[in-house]
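All values below come from the heavy atoms of this structure, side chains included, with hydrogens, waters and symmetry mates left out. Predicted model only: the values in this text are computed from it and were never measured. Numbered from 1 within each chain, the chains take letters A, B, ... in sequence-line order.
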2 protein chains.
Amino acid sequence: MNIGQAADATGVSAKRIRYYEQVGLLEPAKRSDAGYRVYTAPDLHTLRFIQRARRLGFSLPQVSELLALWHDRGRSSRQVKAVAMKHVDELRSKIDELQSMVDTLTHLAIRCDGDERPDCPILHDLERSES
Amino acid sequence: MNIGQAADATGVSAKRIRYYEQVGLLEPAKRSDAGYRVYTAPDLHTLRFIQRARRLGFSLPQVSELLALWHDRGRSSRQVKAVAMKHVDELRSKIDELQSMVDTLTHLAIRCDGDERPDCPILHDLERSES
DNA sequence: CTTGACCTTCCCATAATGGTAAGGTCTATG
DNA sequence: CATAGACCTTACCATTATGGGAAGGTCAAG
C-alpha cells in the first residue's frame with residue numbers, strides 16, 4: 001500500500017505521515033524498488049493511534065510517549081494514566097485562561113452599546129493605564 | 001526613552017516592540033542620532049493597549065484592527081463590539097474543543113486503574129480501529 | 001579611556017502542518 | 001509501444017508570535 005492509500009485509510013495526510021517519519025515518531029517505512037514508501041496493516045494501526053491521540057490534543061512528544069507505552073508490554077496503567085492526566089491538567093489550564101478572556105470580554109461587551117456612537121468600554125478598557 | 005525603558009514601562013519586551021514595528025503594527029519609532037529607537041508617552045500608551053489586547057487573546061491582525069478603530073474618531077462602537085464578539089466566538093469554539101478532549105480523557109481515565117498492571121482503557125481507546 | 005550596560009541588525013529555533021515545484025514512476029489506453 | 005495522468009519522491013517556503021544569541025556600535029560612570 002502506497003502512502004496515498006495509507007493516508008486515505010487513516011485520515012493522516014501523506015504530508016503528515018512523511019513528517020512523522022522524519023521526526024522519528026514513526027519507524028522509516030519500507031520502500032518499493034522505485035523508492036515508494038510501502039505500508040501494511042500494522043502501520044495503519046499505528047497511524048490511526050496517532051491520529052486519535054492528536055485529536056485528543058496530545059503533542060507529538062506526548063504521542064511518542066504513548067506509542068512507547070503502547071508497545072511496552074511491561075508498562076503499568078499508572079504510567080499511561082499519568083501521561084493522560086498531565087495532558088488533562090494542561091488542557092484545563094488552557095481552558096481557564098481562555099475562559100477568563102471570554103469573561104472579561106463579555107463583561108465589557110455587555111456595556112458596549114454597539115450602536116453608531118464611538119464610545120465603547122472595550123476600547124476604554126484596552127487603553128486604561130493600569131496593568 | 002530607549003526601548004529597554006519602554007519595555008520595562010509597558011511589559012512588552014524590546015524584542016516584541018521591534019517585531020511589532022517590523023510587521024507594521026507600530027509606526028517606525030523616531031531614532032536618536034546614534035540610531036536608537038526613542039519612545040514617548042503616547043508610544044507607551046499604544047504599547048500598553050497592545051499588551052492588554054494580546055492578554056485578552058487577540059491576534060496581531062485583530063490588535064491591528066482594534067488600534068485602527070481606537071484611532072478612528074469616526075468609529076462606531078458597533079464595529080468595536082463586532083471585533084470583540086468575533087474573538088469571543090473563536091475563544092468559545094476553542095474552549096469547547098478543549099473541553100471535549102478533557103471530557104473524553106477523564107471518561108477514559110476514570111476507568112483506568114492506574115496501578116502496576118498494563119491494561120488501560122486509554123490505550124485501548126487510542127488503538128481502536130473505528131473513527 | 002575603559003568597562004559594563006545598553007542599543008543595533010541579522011539569523012536561527014520553536015510546533016505541526018500545508019503548499020508548491022522539479023522530477024521520477026506506474027498504469028491504462030490509444 | 002508511447003503517452004497521459006495520477007501517483008510518488010525530495011526540497012524549500014510559509015504560517016504565528018516570540019525568544020535566544022552573535023557581532024558590533026554607543027553611552028555613562030569611574
Side-chain angles (χ1 to χ4, degrees), chain A residues 1-26 28-40 43 46-47 49-67 86-87 90-91 93-94 97-98 101, chain B residues 1-26 28-40 43 46-47 49-67 86-87 90-91 93-94 97-98 101:
Chain A
M1 184 180 264
N2 287 340
I3 200 170
Q5 296 166 292
D8 289 346
T10 61
V12 181
S13 72
K15 214 66 203 242
R16 285 168 61 198
I17 297 175
R18 291 194 198 97
Y19 177 68
Y20 293 160
E21 178 179 316
Q22 190 194 321
V23 298
L25 191 62
L26 294 173
K30 301 274 187 300
R31 302 293 186 116
S32 72
D33 289 349
Y36 286 17
R37 287 175 183 80
V38 175
Y39 295 91
T40 57
D43 297 325
T46 299
L47 285 170
F49 182 101
I50 294 173
Q51 174 74 340
R52 283 199 52 77
R54 289 291 295 132
R55 282 207 200 143
L56 289 176
F58 288 102
S59 66
L60 293 195
Q62 286 172 322
V63 172
S64 186
E65 272 191 87
L66 291 170
L67 278 174
K86 180 160 179 298
H87 178 45
E90 291 162 357
L91 288 170
S93 295
K94 190 68 185 173
E97 188 188 336
L98 299 183
M101 293 174 182
Chain B
M1 183 179 261
N2 287 340
I3 198 170
Q5 297 168 291
D8 289 346
T10 61
V12 181
S13 72
K15 214 71 201 231
R16 284 168 62 197
I17 297 175
R18 292 193 197 97
Y19 177 69
Y20 293 160
E21 178 180 316
Q22 189 195 321
V23 298
L25 191 62
L26 294 173
K30 300 276 187 301
R31 300 294 184 114
S32 72
D33 289 350
Y36 285 19
R37 288 177 182 79
V38 175
Y39 296 91
T40 56
D43 297 324
T46 300
L47 284 171
F49 182 102
I50 293 174
Q51 174 75 340
R52 282 199 52 76
R54 289 291 294 133
R55 282 209 202 142
L56 289 175
F58 289 101
S59 67
L60 294 195
Q62 286 172 321
V63 173
S64 186
E65 273 191 87
L66 291 170
L67 277 174
K86 180 160 178 300
H87 178 44
E90 291 162 356
L91 288 169
S93 294
K94 190 67 185 175
E97 188 189 335
L98 299 183
M101 292 173 183

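- Residue B:Arg18 is in base contact, counting any heavy-atom pair closer than 4.0 Å across all strands shown.
- Think of the region where chain A sits on DNA chain C: with heavy atoms and a 4.0 Å cut, that region ends 5' and 3' at C:dA16 to C:dC26.
- Listed by chain and residue number, B:Leu25 satisfy the side-chain contact (heavy atoms from CB on, under 4.5 Å) test with B:Ser64 (two or more places apart in sequence, or in another chain).
- In this view, B:Ser93 satisfies the side-chain hydrogen bond (donor to acceptor under 3.5 Å, both in side chains) rule with no residue, not counting sequence neighbours.
- The line from CG of A:Leu98 to CG of B:Leu98 is 6.5 Å long, rounded to the nearest 0.5 Å.
- Comparing B:Gly4 and A:Tyr19 along DNA chain C, the residue whose closest nucleotide (by nearest heavy atom) sits nearer the 5' end is B:Gly4.
- In 5' to 3' order, the nucleotides of DNA chain D bounding all contacts with chain B (an atom under 4.0 Å from a heavy atom) are D:dA17 to D:dC27.
- Residues forming a salt bridge (Lys or Arg N to Asp or Glu O under 4.0 Å) with B:Lys94 (at least two apart in sequence, or on another chain): B:Glu97.
- Comparing B:Lys15 and B:Phe58, the nucleotide of DNA chain D nearest to each residue sits closer to the 5' end for B:Phe58.
- Considering only residues two or more places apart in sequence or on other chains, A:Glu90 meets the salt bridge (Lys or Arg N to Asp or Glu O under 4.0 Å) condition with A:Lys86.
- Here CG of B:Leu67 is found 6.5 Å from OG1 of B:Thr46. Values are rounded to the nearest 0.5 Å.
- Applying the side chain to side chain contact (heavy atoms under 4.5 Å, CB included) test between A:Phe58 and each of A:Arg52, A:Glu65, A:His87 identifies A:His87 as the sole match.
- Considering only heavy atoms from C-beta on, A:Tyr20 stays 4.5 Å or farther from A:Val63 through its side chain.
- In this structure, the helix from C:dC1-D:dG30 to C:dG30-D:dC1 shows an angle of 30° between the axis at its start and the axis at its end, each fitted on 5 base pairs and rounded to 10°.
- Listed by chain and residue number, A:Met1, A:Ile17, A:Tyr39, A:Leu44, A:Leu47 satisfy the side-chain contact (heavy atoms from CB on, under 4.5 Å) test with A:Ala6 (two or more places apart in sequence, or in another chain).
- In the region residues 32-40 of chain A, proximity to DNA chain D at under 4.0 angstrom, judged on heavy atoms, holds for A:Gly35, A:Tyr36, A:Arg37.
- Remark: B:Tyr36 pairs with no residue by the ring-ring contact (aromatic ring centres under 6.0 Å, His included) rule, at least two apart or across chains.
- Note that CD of B:Gln51 is 10.5 Å distant from CG of B:Leu56, once rounded to the nearest 0.5 Å.
- Pairs of residues two or more places apart, or lying in two chains, never qualify as salt bridge (charged side-chain N to carboxylate O under 4.0 Å, His left out) while including a residue from residues 5-17 of chain A.
- For A:Arg37, the salt bridge (Lys or Arg N to Asp or Glu O under 4.0 Å) partners at least two apart in sequence or on another chain are A:Glu21.
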